[in-house]
2 protein chains.
Amino acid sequence: MSDVARVAGVSIKSVSRVINDELPVSAKLREKVKSAIATLDYIPNPAARSLAGTRTFVLGILFDNPSPHYTIKIQKGAYKACVETGYHLRIDHIDSALGKDFLIDQLSALLRHSRTDGFVLTPPLTDNRLVLDHLDRSGLPYIRIAPVIDHGRSPEVRIDDTAAAATAAQFLWDKGHRRFGLINGPAAHGAAANRRRGFLERIDQLAPGATVMESNGDFSFASGLAAGRDLLATAKPPSAIFAANDDMAAGLMVACAERGLQVPRAISVIGFDDSWIATSVWPYLTTVHQPIEDMAYTAVRQLLSREVDEPSSIELDYHIVERDSVLPIVLPASSA
Amino acid sequence: MSDVARVAGVSIKSVSRVINDELPVSAKLREKVKSAIATLDYIPNPAARSLAGTRTFVLGILFDNPSPHYTIKIQKGAYKACVETGYHLRIDHIDSALGKDFLIDQLSALLRHSRTDGFVLTPPLTDNRLVLDHLDRSGLPYIRIAPVIDHGRSPEVRIDDTAAAATAAQFLWDKGHRRFGLINGPAAHGAAANRRRGFLERIDQLAPGATVMESNGDFSFASGLAAGRDLLATAKPPSAIFAANDDMAAGLMVACAERGLQVPRAISVIGFDDSWIATSVWPYLTTVHQPIEDMAYTAVRQLLSREVDEPSSIELDYHIVERDSVLPIVLPASSA
DNA sequence: TTGTACGCGTTATCAA
DNA sequence: TTGATAACGCGTACAA
């Protein structure tokens with residue numbers, strides 16, 4: 001940095017000002033410094049910056065055993081935002097299944113050791129009050145991705161899971177389907193409850209009093225297979241089933257195959273997420289696309305934008321990706 | 001740190017010595033310092049350490065678009081090793097598909113910006129001489145996971161892909177199979193070539209002159225589906241097929257279903273990797289387990305163990321995970 | 001609007 | 001085997 005100052009013919013502090021976009025700097029001086037930085041190919045030393053200053057230039061993301069597909073997309077989005085802003089990304093995994101006490105221990109250790117400027121929380125950590133309380137007490141800024149509880153408690157980035165599931169219901173309805181099945185996600189996962197609600201409410205609007213056959217899973221392939229077998233083991237199975245995520249939809253498709261029900265000719269399937277597995281099954285899965293990568297990107301940018309006072313809530317768009325697992329059916333005359 | 005020195009009644013430099021395991025320290029002094037550290041719950045400041053010293057306490061892992069499953073396992077293993085050693089993990093993604101010049105640009109930027117103490121290279125970057133040359137010139141230590149070319153050029157951690165594929169061949173043979181199919185990975189991926197060689201050589205040993213039907217894929221589900229259709233579109237299809245990874249095996253299983261060939265009753269399938277998708281298909285996939293997580297763990301530990309002079313090569317074990325996609329067949333009398 | 005002096009917490013160098 | 005002191009490269013506080 002002193003080299004830059006010499007080349008630019010200014011003080012070392014002015015260089016610092018330019019780098020940090022501090023205010024009282026004339027345009028002329030800024031230009032001089034910038035060109036000196038360019039010619040010297042100067043890169044600030046983050047260690048020195050964080051030692052002298054208050055920032056660490058490190059951001060943390062907290063995961064709690066989500067699917068690899070989800071994790072990777074989150075990381076990609078967050079990474080992109082970090083590169084753009086000169087930040088580094090630290091990735092930490094917490095296991096909430098190990099019990100409350102242990103969870104607290106993990107969190108404390110993490111907060112003590114990882115000098116970060118903030119955290120990004122992913123589901124289902126986003127809805128874990130133990131974690132939120134701990135974070136609040138630490139005073140570190142954080143942002144939540146797709147939270148369901150305690151809106152307004154912290155900045156957040158999300159999609160409207162309820163509306164998205166309603167769109168899936170509408171989509172199936174518009175294709176002529178009238179007998180529906182629904183495979184739910186785990187109770188602990190707030191978004192799963194919203195997806196259920198959105199789907200059921202829309203069906204009820206379209207055909208008041210209609211019944212939707214439900215079965216519960218835990219977002220895993222195996223649970224989708226089991227739930228599918230469950231749903232299909234009736235005299236008059238649904239003509240279309242909505243699974244609350246793609247992994248369960250994949251399991252469901254296997255259950256269909258076992259019963260000799262061809263997807264989509266005999267039965268239609270729609271998933272949620274648009275994850276890797278959506279194109280690792282046959283036929284390719286029609287599903288609700290969630291902009292996971294973009295959510296993470298947005299979360300990081302938001303977290304870094306010099307903290308606003310009131311917690312922001314950014315809502316991103318979803319859309320249905322129409323592949324090959326849903327087919328329109330001709331309405332029998334009796335349908336209503 | 002000065003607090004620790006005061007409490008322990010020693011100089012600040014002695015504390016530093018204990019923390020860094022430097023040599024001339026008496027046992028007594030070491031104990032005093034350690035207990036002081038414990039009572040004060042002291043944690044060294046990495047920023048100060050890297051500013052004053054030569055280490056950055058950051059390790060980088062380089063990825064080039066592998067599957068999410070693979071990436072996640074690598075990260076988990078590496079993360080564990082980093083936590084144990086007090087290091088931080090930086091994850092970087094390079095895209096080698098964008099052309100040589102661009103690749104070099106990405107690499108240069110990465111090396112200049114990311115102050116790291118070393119890098120872990122994952123396939124197919126491990127076998128990219130452009131990358132290796134660049135890294136060698138930078139002088140930064142690095143270790144390769146599962147390299148195929150230029151052994152001895154750098155430390156490495158790997159499994160014996162050739163032997164592992166031979167084991168798969170032997171496994172199928174022992175189950176009574178005599179007509180084999182083989183779905184290869186992409187040409188650019190060195191390990192894929194080794195798997196092919198191992199499989200073919202073993203079959204040739206067991207039944208000299210036997211022919212194995214081959215088809216080529218690129219490690220993707222879609223390519224496995226296409227290769228499977230290819231292999232199955234003959235008068236006398238194989239009774240058992242080895243796919244060079246699990247994603248292609250999943251595609252192959254769909255191709256089987258299309259033909260009305262039940263797995264494993266009509267046709268047996270064995271994969272490679274034991275990835276997430278192995279239990280996201282039905283029946284669950286019998287596959288060769290690769291200790292990916294452990295390889296990454298070992299790589300980081302090895303990289304951090306104060307650099308040895310001659311490049312080490314650590315070989316880990318593989319084994320077949322027997323699930324439900326391979327069935328023994330009764331030998332027809334005519335088989336040989 | 002710009003510059004000066006100091007200190008952040010640690011390691012390196014050298015002396016004891 | 002131990003200790004004193006000077007860096008490391010930058011931001012903060014304050015003065016100009």
Side-chain angles (χ1 to χ4, degrees), chain A residues 1-37 39-58 85-88 112-117 304 306-307, chain B residues 1-37 39-58 85-88 112-117 304 306-307:
Chain A
M1 185 156 115
S2 56
D3 294 335
V4 176
R6 193 164 4 86
V7 169
V10 300
S11 84
I12 198 171
K13 175 59 202 174
S14 298
V15 177
S16 171
R17 285 207 177 87
V18 171
I19 289 171
N20 293 301
D21 276 322
E22 283 169 33
L23 267 191
V25 175
S26 68
K28 201 151 123 197
L29 190 148
R30 166 174 284 107
E31 279 320 304
K32 275 197 295 188
V33 172
K34 286 207 166 168
S35 79
I37 287 178
T39 56
L40 289 177
D41 197 20
Y42 163 77
I43 296 169
N45 182 331
R49 300 228 282 169
S50 62
L51 185 57
T54 54
R55 295 185 289 168
T56 63
F57 301 96
V58 175
T85 51
Y87 262 72
H88 292 305
R112 291 192 318 117
H113 284 277
S114 72
R115 324 219 166 205
T116 44
D117 293 345
L304 254 35
R306 313 284 177 154
E307 298 118 64
Chain B
M1 185 156 115
S2 56
D3 294 335
V4 176
R6 192 164 4 87
V7 169
V10 299
S11 84
I12 200 171
K13 174 61 198 173
S14 298
V15 177
S16 172
R17 285 207 177 86
V18 171
I19 289 171
N20 293 300
D21 277 322
E22 282 168 33
L23 266 189
V25 175
S26 68
K28 202 150 121 196
L29 190 148
R30 166 174 283 107
E31 279 319 305
K32 277 197 294 189
V33 172
K34 286 206 166 170
S35 79
I37 288 177
T39 57
L40 289 177
D41 195 21
Y42 162 77
I43 296 169
N45 181 330
R49 298 230 280 170
S50 62
L51 182 56
T54 54
R55 294 184 292 167
T56 63
F57 301 96
V58 175
T85 51
Y87 262 73
H88 293 304
R112 291 192 318 119
H113 285 277
S114 70
R115 323 222 165 201
T116 41
D117 293 344
L304 254 33
R306 313 284 176 155
E307 300 117 63

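Just so it is clear: chains get the letters A, B, ... in the order the sequence lines come, proteins before strands, and each one is counted from 1.
For A:Ser50, the side-chain hydrogen bond (donor to acceptor under 3.5 Å, both in side chains) test picks out no residue, with sequence neighbours left out.
Across the protein-nucleic acid pair, B:Asp21 atom CG and C:dT11 atom P stand 12 Å apart, rounded to whole Å. To the nearest angstrom, P of C:dT2 lies 15 Å from CD1 of A:Ile19. When the C1' atom of C:dT10 is taken as reference, atom CZ of A:Arg115 falls 11 Å away, rounded to whole Å. Between the P atom of D:dG9 and the CZ atom of A:Arg6 lies a distance of 13 Å, rounded to the nearest Å. Whole-Å rounding puts the B:Asn45 CG to C:dT11 C1' distance at 13 Å. For A:Leu51 and C:dT11, the CG to C1' distance is 12 Å, given to the nearest whole Å. Rounded to whole angstrom, the span from the CZ atom of A:Phe57 across to the P atom of C:dC8 amounts to 19 Å. The NZ atom of A:Lys28 sits 14 Å away from the C1' atom of C:dT2 (whole-angstrom rounding).
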Derivation of the side chain to side chain contact (heavy atoms under 4.5 Å, CB included) call for B:Val58 and A:His88: CA-CA 10 Å; B:Val58 175; A:His88 292 305; over 6 Å; no

If you apply the rule side chain to side chain contact (heavy atoms under 4.5 Å, CB included), what do you find for A:Leu40 with A:Arg6, and how did you get there? CA-CA 11 Å; A:Leu40 289 177; A:Arg6 193 164 4 86; over 6 Å; no

Check step by step if side chain to side chain contact (heavy atoms under 4.5 Å, CB included) holds for A:Val33 and A:Arg17. CA-CA 10 Å; A:Val33 172; A:Arg17 285 207 177 87; over 6 Å; no

Pick out the pairs of N or O atoms, protein on one side and nucleotides 3-6 of chain D on the other, that lie under 3.5 Å.
| residue | atom | partner | partner atom | Å |
| --- | --- | --- | --- | --- |
| D:dG3 | OP2 | B:Ser11 | N | 3.1 |
| D:dG3 | OP2 | B:Ser11 | OG | 3.2 |
| D:dG3 | OP2 | B:Ser14 | OG | 2.6 |
| D:dG3 | N7 | B:Arg17 | NH1 | 3.4 |
| D:dG3 | O6 | B:Arg17 | NH2 | 2.7 |

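In terms of heavy-atom proximity, A:Ala8 sits nearest to A:Lys32 at O-CD, 3.8 Å.
Here A:Tyr42 lies in heavy-atom contact (under 4.0 Å) with sugar-phosphate atoms only. Note on A:Pro44: only backbone sugar-phosphate atoms sit closer than 4.0 angstrom, heavy atoms only; bases stay farther off.
For the OP1/OP2 pair of C:dT11 and a distance below 4.0 Å, the side-chain nitrogens and oxygens of B:Asn20 include at least one atom meeting the criterion. A sub-4.0 Å separation between OP1 or OP2 of C:dT11 and a side-chain N or O of B:Ser16 is present.
Across D:dT12, D:dG11, C:dT11, the shortest atom-to-atom separation from the side chain of A:Ala52 is found for D:dG11. In this structure, the nucleotide among C:dG9, C:dT11, D:dG11 sitting nearest to the side chain of B:Ala48 is C:dG9.
The environment of B:Lys13 atom NZ is dense: over 12 non-hydrogen atoms of other residues, nucleotides or ligands sit within 6.0 angstrom.
Among A:Val4, A:Asn20, A:Leu29, A:Val7, the single residue meeting the side-chain contact (heavy atoms from CB on, under 4.5 Å) criterion with A:Val15 is A:Val4.
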